[in-house]
Each structure stands twice: as structure tokens, then as C-alpha cells.
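These numbers were taken from a predicted model, which means no experiment stands behind them. Below, read A as the first sequence line, B as the second, and so on, with proteins coming before strands; counting in each chain starts at 1.
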Number of protein chains: 2
Amino acid sequence: MLNKATVERLIIYNRVIKELKAQGEKWVTSTDIARALSKTPSQVRRDISSLGRKGKRGVGYNIKKLINDLDSVLGLNDEHCVALIGAGNLGRALIGYPGFKREGFICRLIIDNDPEKIGSKISGIKVESSEGLAKKVARKKIAIAVITVPAEAAQKVVDSAVAGGIKELLNFAPVKIYVPEGVNIRYVDLALEMENLAYSLNYRKKNK
Amino acid sequence: MLNKATVERLIIYNRVIKELKAQGEKWVTSTDIARALSKTPSQVRRDISSLGRKGKRGVGYNIKKLINDLDSVLGLNDEHCVALIGAGNLGRALIGYPGFKREGFICRLIIDNDPEKIGSKISGIKVESSEGLAKKVARKKIAIAVITVPAEAAQKVVDSAVAGGIKELLNFAPVKIYVPEGVNIRYVDLALEMENLAYSLNYRKKNK
DNA sequence: CCCTGTGAATATTTTCACAGCT
DNA sequence: AGCTGTGAAAATATTCACAGGG
């Protein structure tokens with residue numbers, strides 16, 4: 001298991017290299033990648049060597065082979081079934097996001113408890129209530145749940161999703177969620193991002 | 001300047017403690033906070049002591065004073081003027097997000113180049129084109145820009161925003177943005193989040 | 001000669017462990 | 001007795017620097 005920071009960097013390397021491939025490049029060096037990302041070449045080499053891939057000394061990495069390895073390690077060769085839990089503005093924005101489908105994430109289930117939304121369709125998928133969520137998730141073999149419900153509803157829907165067998169979650173609700181050992185939950189917290197900016201703004205002001 | 005990881009934790013401590021305050025608590029210990037966040041008490045104490053605040057040995061921290069210090073260090077006592085650049089689904093979701101205003105972030109400028117949107121109002125603010133963006137930003141004394149334009153437009157609007165004096169940006173476009181020394185840009189990258197989940201899903205599958 | 005792969009060195013972050021105040 | 005504040009230790013992460021293959 002690679003560490004979190006390494007995986008995040010590998011994902012970005014993969015993007016950059018795919019960009020180069022699209023431009024017709026065949027080889028890339030650690031220095032090229034590093035420059036595109038404001039990292040050190042040494043770190044790029046360390047990260048790539050953790051994949052086991054061997055570059056050619058004096059030349060660099062073969063782009064095609066490197067992308068193969070990256071896609072394979074990162075799990076981007078298969079499609080992944082996703083459930084969207086919470087069909088508000090944010091949820092709808094995510095589903096409509098072009099990178100979503102392109103990278104192999106297929107939304108197969110949309111859940112919302114607003115009676116006005118239940119039964120309507122979003123991007124061709126019918127909105128269902130959270131009644132029997134665990135079963136719905138299991139039946140559709142959902143692998144990833146994206147949580148965009150209000151904070152107070154989040155723990156409950158996560159519990160149901162986990163009961164339905166989901167082990168990978170992306171949570172947008174600004175609240176700490178407890179999951180059993182072995183379940184992976186990532187947080188995207190917009191207020192937290194904004195507050196980070198407020199901190200550095202404030203720091204700047206105080207130390208002017 | 002506190003390090004990034006410490007600031008992120010302090011922001012969360014602040015939330016947890018405000019919650020406790022709302023429940024009528026007057027004192028909190030490092031262990032209480034740690035438990036709510038799955039961190040170690042030792043780390044909580046280190047983080048809080050980096051604020052300079054002194055707790056009471058044998059008792060813990062006075063919640064009211066601690067919140068004061070946190071709000072003051074984190075810059076949450078003042079309001080911050082925000083520009084939303086890109087008024088698509090995601091941008092509109094952000095502006096409508098309740099935590100946004102509550103935490104003191106006021107949207108004062110909305111930019112979009114879709115002719116259908118220009119002149120219309122979102123949350124009471126008129127949508128303007130990106131023409132003369134630097135001046136618009138400077139005139140309204142915007143401190144923070146939230147970038148939700150498509151990837152290919154992102155670098156350009158960031159350049160204008162920075163030319164207009166903005167030093168704090170939150171970027172949702174899935175592309176590396178170059179900013180001058182001294183400008184702070186944070187990334188929220190939904191595809192990256194999803195790909196992280198794909199990695200651990202894949203890892204799980206391979207090592208079953 | 002150029003660039004990788006990697007041991008060793010360095011830097012950073014987290015945790016331990018305990019003295020000391022209330 | 002209980003919990004903080006903090007040196008010191010441990011664990012992690014990053015960078016240096018160079019041997020060695022193409």
C-alpha cells in the first residue's frame with residue numbers, strides 16, 4: 001500500500017504524462033515531470049520507483065509503459081460504480097462534471113429524500129429515496145459512495161452505505177464521520193478550504 | 001506562520017469546540033478534542049500550544065478563551081470579500097452553501113462569460129463578464145477568488161485576479177496553475193479525490 | 001555523457017513521557 | 001490527582017549525491 005501523499009502525486013503525474021502523450025511525446029524524464037508540478041526530480045523518481053517500473057538510464061521513462069503501470073496501480077483500467085447520495089446543487093454539479101465519466105466513474109444510483117425529487121431523473125438516472133439504502137447499494141454492486149447530504153444526515157446514510165458493502169466514500173458533509181476499520185472515507189470540506197485561506201489572509205495582514 | 005497541517009487541524013478543533021460550547025460546556029481537555037477527531041491528545045496539545053494559549057493543568061482549556069484565540073489566529077473575526085469566477089453548477093452550489101456566509105465569507109462579485117448569464121442575478125449578485133477582471137476585483141476589494149471555470153480558462157482568470165491584487169485563491173479547475181511568489185492557491189480536485197478512492201479499491205481487490 | 005535508482009543524510013511531523021502547576 | 005507544556009525520541013517524508021547502466 002503506497003502512502004497517501006505518494007498516491008496523490010502519482011495521480012497528477014499520470015495526468016501530466018497523458019498530456020505529453022497526446023502531444024506525441026514518447027519519453028519523459030523525472031525532471032520534466034518535476035518541472036510541470038513544482039516538485040523535485042528526486043521525489044518523482046522515488047515515487048515512480050515505488051511502482052517497480054524501471055526507467056532507462058540516460059533517457060528517462062517510456063511514456064506508454066509508464067501510463068500503463070500508473071493506470072494499473074491506480075485502478076483506472078476498470079469502471080467503478082458510484083452512488084450519489086444527496087441530489088442537491090453540489091451533487092448535481094458532481095454528476096455533470098466531465099472528468100467524472102471520462103475517468104471511468106459511472107453513476108448508477110442517486111438517492112435523495114426530497115419528495116419533489118424522488119422519481120425524477122438526473123442525467124438519466126431515477127432519483128430514489130434512502131429507504132432500504134443498504135440493499136439498493138448491494139444490489140447495484142456500488143463500489144463508491146459520494147455523500148452530499150446535509151451534515152446532520154451524513155452519518156446515517158454512511159452507515160447504510162457501509163452496511164450495503166461500500167468501502168470507499170467521498171464525503172462533502174462538513175462533519176466527522178465514523179466508519180468501521182477497513183472502510184476508507186475521504187473528506188472534501190469547502191468551509192475548511194475557505195478557512196485556510198482566511199488564515200493566510202489574516203497572517204499576511206498581521207505581519208505586514 | 002503555522003504549518004498547513006496544523007492550521008487544518010486547528011480549524012476542525014474550532015468547530016468541535018464551538019459545538020461543545022453550544023451544548024453548554026465551559027472546559028475541554030486535549031483528550032476530549034482528540035477523541036472527537038481520532039487524533040492523539042499529544043498532537044492536540046502541541047497544536048494548541050503553538051497558539052500561545054495556556055490551558056490549566058489539571059483542568060484543560062477554557063472553551064470561550066480558546067475559541068477567541070482560534071478565531072483570532074484563523075482570521076474568522078472579520079468578513080472576507082469573495083469573488084466567484086465561473087457561475088456553473090459547481091459555482092452556484094458553493095455560493096448557496098450555508099457554511100459559506102455563516103463563516104464570514106461574503107460573495108461580492110460573480111464572473112461568467114456565458115452571454116445568457118451575464119446580467120442575470122445569482123443570490124442577488126449580478127453576473128459580469130471577465131472583461132476588465134483585474135479592475136473589477138481591485139475596485140470591490142476582493143480578498144479571495146474561487147475559481148470554477150473550465151480547466152482551459154483557469155490560468156488566464158487567475159492571472160487577472162492576481163493582477164487585481166488577490167493573494168488567496170481556491171481553484172476547482174483540474175489543472176496546475178502558476179502563481180507568483182507570495183500568492184496562495186489551494187486546489188480542490190474532484191477527479192483526484194475519486195481516483196484516490198479508485199486506488200484503494202484496486203489495492204483491496206488485488207490483495208484480497 | 002545523461003538520467004535513473006537508491007543508500008545515506010536531512011528535514012519535518014508525530015508521539016512519548018514526565019516534570020510541574022492548579 | 002489530573003492535565004498541560006515541552007524536551008527528547010521515534011517515525012515519516014524529502015532531498016542529496018553518486019554509482020552504474022544505456
Side-chain angles (χ1 to χ4, degrees), chain A residues 1-14 16-17 20-21 25-70 73 192 196 199-200 203, chain B residues 1-14 16-17 20-21 25-70 73 192 196 199-200 203:
Chain A
M1 184 91 173
L2 302 172
N3 79 58
K4 202 173 96 89
T6 302
V7 173
E8 296 198 348
R9 286 191 301 266
L10 289 173
I11 291 170
I12 312 274
Y13 300 167
N14 198 18
V16 168
I17 300 162
L20 290 173
K21 190 186 172 209
E25 296 292 331
K26 298 272 184 284
W27 295 88
V28 65
T29 70
S30 59
T31 311
D32 297 337
I33 299 174
R35 199 166 22 227
L37 291 163
S38 317
K39 305 278 172 191
T40 65
S42 168
Q43 178 155 73
V44 173
R45 291 201 298 279
R46 239 308 156 237
D47 289 338
I48 293 179
S49 79
S50 72
L51 297 179
R53 162 129 311 273
K54 300 292 174 182
K56 273 210 177 108
R57 294 176 176 184
V59 183
Y61 303 92
N62 178 296
I63 286 185
K64 203 167 161 188
K65 286 183 182 167
L66 185 49
I67 291 175
N68 265 350
D69 283 1
L70 283 166
V73 168
L192 185 132
N196 264 282
Y199 167 73
S200 57
Y203 180 84
Chain B
M1 183 95 174
L2 302 172
N3 81 59
K4 201 173 96 89
T6 303
V7 174
E8 296 198 349
R9 286 191 300 266
L10 289 174
I11 291 170
I12 311 274
Y13 300 167
N14 197 18
V16 168
I17 299 163
L20 290 175
K21 190 187 173 208
E25 295 294 329
K26 297 274 185 285
W27 296 88
V28 65
T29 70
S30 58
T31 311
D32 297 336
I33 299 174
R35 197 167 23 228
L37 292 163
S38 316
K39 305 277 172 193
T40 65
S42 169
Q43 178 155 71
V44 172
R45 291 201 299 278
R46 199 68 61 224
D47 289 339
I48 293 178
S49 78
S50 71
L51 297 178
R53 163 128 312 274
K54 302 290 174 182
K56 273 214 178 102
R57 295 177 175 182
V59 182
Y61 303 92
N62 178 296
I63 287 184
K64 203 167 163 187
K65 287 183 181 169
L66 185 49
I67 291 175
N68 266 350
D69 283 2
L70 283 166
V73 169
L192 184 131
N196 264 283
Y199 167 73
S200 59
Y203 179 85

**Q** As a test of reading the structure: which of D:dT4, D:dG22, C:dT4 is closest to the side chain of B:Thr29, going by heavy atoms?
**A** D:dT4
**Q** Assess, by modelled atom type and distance only, whether the side chains of A:Thr29 and A:Asp32 contain a donor and an acceptor separated by less than 3.5 Å.
**A** yes
**Q** Students often get this wrong, so: under 4.0 angstrom with heavy atoms, is A:Ser42 touching a base, only sugar-phosphate, or nothing?
**A** base
**Q** What pair of heavy atoms forms the shortest contact from B:Val73 to A:Tyr199, and how long is it?
**A** O-CD1, 3.2 Å
**Q** How long is the line joining CE of B:Met1 and P of C:dT12, in whole Å?
**A** 15 Å
**Q** Could you check how far CD1 of B:Ile48 sits from P of D:dG5, rounded to whole Å?
**A** 8 Å
**Q** Which whole-number value in Å describes the distance from A:Asp47 CG to C:dG5 C1'?
**A** 13 Å
**Q** Grab the two heavy atoms, one from B:Pro41 and one from B:Ser30, that are nearest each other, plus how far apart they are.
**A** O-CB, 3.7 Å
**Q** Counting just side-chain N and O atoms, does A:Thr40 come under 4.0 Å of either OP1 or OP2 of D:dT15?
**A** yes
**Q** Rounded to whole Å, please give me the gap between CZ in B:Arg9 and C1' in C:dT15.
**A** 12 Å
**Q** Is there a donor-acceptor pair closer than 3.5 Å between any side-chain N or O of A:Asn196 and the backbone N or O of A:Leu192?
**A** yes
**Q** Starting at CG of B:Leu37 and ending at P of C:dT14, how long is that distance when rounded to a whole Å?
**A** 13 Å
**Q** Separation of B:Ile63 atom CD1 from D:dT4 atom C1', in whole Å?
**A** 16 Å
**Q** Of the options C:dT4, C:dT15, C:dT14, whose atoms approach the side-chain atoms of A:Arg45 most closely?
**A** C:dT4
**Q** Would you say B:Leu37 and B:Val44 make side-chain contact, with heavy atoms under 4.5 Å?
**A** no
**Q** With respect to the side chain of A:Arg57, which nucleotide from C:dT15, C:dT22, D:dG20 is positioned closest?
**A** D:dG20
**Q** For A:Tyr61 and D:dG22, is the shortest distance between a side-chain N/O and OP1 or OP2 below 4.0 Å?
**A** no
**Q** Select one nucleotide: of C:dT13, D:dG22, D:dT14, the one nearest the side-chain heavy atoms of B:Asn3.
**A** C:dT13
**Q** Using atom CH2 of B:Trp27 as one end and atom P of D:dT4 as the other, report the distance to the nearest whole Å.
**A** 11 Å
**Q** Applying a 4.0 Å non-hydrogen cut-off, can you work out what B:Ser30 is touching in the nucleic acid: base, sugar-phosphate, or nothing?
**A** sugar-phosphate
**Q** For the side chain of A:Lys54, counting heavy atoms from C-beta on, which of D:dG5, C:dT14, C:dT6 is nearest?
**A** C:dT6
**Q** Just the rounded figure in Å: distance from P of D:dG5 to CG of B:Leu66.
**A** 10 Å
**Q** Find which nucleotide of DNA chain D each of A:Thr6 and B:Arg53 is nearest to by heavy atoms, and output the residue with the more 5' nucleotide.
**A** B:Arg53
**Q** Considering heavy-atom distances to DNA chain D, does A:Gly58 or A:Arg46 have its closest nucleotide positioned more toward the 5' end?
**A** A:Arg46
